[in-house]
Amino acid sequence: MARSALTITAATFTATAALLLTACGEGGDDSSSEDIKGADTGAGSSSPSASASAAAGAGRPEIKLPSSFRLTFENWTADDPARQAVLNDGREQLRAGYAAIIADNPDSEALAFYDTEAGLSQDREWIKSYTDKGLTVIGELPVFEPEATLFAKETKAQLRYCTDESEARTKNRKTGKVEANPPGTDPKVAYTVTMQKNDQGVWQAVSTESKRGGCS
């Protein structure tokens with residue numbers, strides 16, 4: 001489910017990440033075609049979760065996920081408000097990516113909101129690695145161990161986090177066939193997202209790199 005660790009991810013989102021769910025740029029793993037990229041604190045579109053509060057201000061879009069795919073953000077908090085802002089937008093960017101996969105929509109406006117032009121180009125390749133094969137994502141993908149670091153007078157940042165693809169799966173839209181990562185695949189994938197703040201104060205993804213097995 002890693003954004004590029006699995007065969008379906010964009011191993012070069014600029015570097016894609018891992019499992020069926022992995023989707024971003026990978027930094028050293030074998031890319032797979034079926035990785036998931038997301039994480040969210042709640043289950044599905046029916047629960048208000050953090051996305052509802054994040055939607056307020058700067059015209060942030062409301063992002064909904066179905067109950068069939070649960071993104072959970074564990075301890076997604078920071079003591080510093082500036083770093084918390086990076087975590088908040090980074091979380092929504094990830095949710096937007098998986099929502100686009102599930103909606104079969106590589107041209108998602110919500111994802112474009114949270115990506116720079118370069119980041120969006122990468123993410124579209126990641127999403128199409130699913131949609132071009134008629135795949136969606138199901139199951140549960142925990143996102144944990146977030147760490148946000150600010151640079152350049154707090155206009156640039158690096159967001160790191162881990163995902164656990166143990167309960168994440170890809171599903172063929174036509175046949176209904178469900179697949180997980182191959183046996184022996186490390187389910188944990190480490191991500192590093194380079195971000196920058198736009199004129200509206202929204203933190204956007206510039207590039208994403210992933211490493212399967214890079215988590216504690």
Side-chain angles (χ1 to χ4, degrees), residues 1-6 9-19 21-29 31 35-41 50-51 54 60-61 63 71-78 80 82-101 108 110-127 129 141-152 154-165 188-198 201-216:
M1 308 246 43
R3 286 161 82 167
S4 79
L6 246 212
T9 64
T12 57
F13 203 63
T14 287
T16 311
L19 169 66
L21 301 180
T22 305
C24 280
E26 237 181 337
D29 282 299
S31 66
D35 295 335
I36 287 185
K37 168 190 178 178
D40 161 11
T41 62
S51 65
R60 285 173 169 77
I63 300 166
L71 280 175
T72 61
F73 294 92
E74 302 174 10
N75 300 317
W76 207 259
T77 59
D80 175 46
R83 289 189 294 116
Q84 184 64 54
V86 175
L87 294 184
N88 290 346
D89 285 344
R91 176 193 59 220
E92 295 306 292
Q93 190 268 348
L94 186 59
R95 295 182 72 251
Y98 280 111
I101 290 173
S108 163
L111 186 58
F113 183 89
Y114 286 109
D115 275 351
T116 63
E117 183 176 349
L120 184 59
S121 177
Q122 285 186 330
D123 273 332
R124 280 176 173 160
E125 291 303 311
W126 167 57
I127 293 166
S129 70
L141 186 68
V143 187
F144 55 97
E145 295 184 2
E147 179 183 353
T149 304
L150 293 164
F151 305 98
E154 301 190 352
T155 60
K156 298 182 183 300
Q158 186 177 77
L159 173 61
R160 297 179 180 178
Y161 57 82
C162 287
T163 63
D164 186 342
E165 302 171 344
K188 293 184 179 180
V189 182
Y191 289 90
T192 301
V193 185
T194 300
M195 306 183 75
Q196 69 181 31
K197 186 162 59 173
N198 67 13
V202 177
W203 284 99
Q204 297 179 306
V206 177
S207 65
T208 304
E209 296 182 1
S210 65
K211 181 179 180 181
R212 187 175 291 282
C215 300
S216 58

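Separation of atoms CH2 (Trp203) and OG1 (Thr116) is listed at 12.5 Å; rounding is to 0.5 Å. Note that the CG atom of Leu150 and the NZ atom of Lys197 stand 8.0 Å from one another [nearest 0.5 Å]. Once rounded to the nearest 0.5 Å, the distance linking OH of Tyr114 with CZ of Arg91 reads 8.5 Å. The distance from atom OG1 of Thr194 to atom CD of Glu209, rounded to the nearest 0.5 Å, is 6.5 Å. Considering CG of Asp115 and OG1 of Thr208, their distance stands at 7.5 Å, rounded to 0.5 Å.
Under a 3.5 Å cut-off, the side chain of Gln204 and the backbone N or O of Phe113 do form a donor-acceptor pair. No donor-acceptor distance shorter than 3.5 angstrom exists from the side chain of Thr163 to the backbone of Pro142, with no hydrogens or angles considered. Without hydrogens or angle criteria, Trp76 side chain to Leu87 main chain gives a donor-acceptor distance under 3.5 Å.
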Verdict with supporting geometry, Glu145 and Cys162, side chain to side chain contact (heavy atoms under 4.5 Å, CB included): CA-CA 6 Å; Glu145 295 184 2; Cys162 287; 3.8 Å; yes
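Considering only heavy atoms from C-beta on, Phe144 stays 4.5 Å or farther from Asn75 through its side chain. Between Leu111 and Gln93, the closest side-chain pair of non-hydrogen atoms falls below 4.5 Å. No side-chain heavy atom of Glu117 sits under 4.5 Å from any side-chain heavy atom of Leu120.
For the residue pair Ile63 and Ala99, the shortest heavy atom distance occurs at CG2-CB, 3.9 Å. Between Gly90 and Leu159, the closest heavy-atom pair is CA-CD2, 3.7 Å. Smallest separation of non-hydrogen atoms from Pro146 and Tyr161: CA-CB, 4.2 Å. Of all non-hydrogen atoms in Ala96 and Ser108, the two that sit nearest each other are O-OG, 4.5 Å. Closest of all the heavy-atom pairs between Lys156 and Gln196 is NZ-OE1, 3.4 Å. The two residues Glu154 and Ala82 make their nearest non-hydrogen contact at OE1-CB, 3.8 Å.
In the displayed structure, Asp80 atom CG is contacted under 6.0 Å by more than 12 heavy atoms of other residues, nucleotides or ligands.
One finds a salt bridge joining Asp89 and Arg60 here, because a Lys/Arg side-chain nitrogen approaches an Asp/Glu carboxylate oxygen to under 4.0 Å.
Residues satisfying the side chain to side chain contact (heavy atoms under 4.5 Å, CB included) test with Thr77, not counting sequence neighbours, are Gln84.
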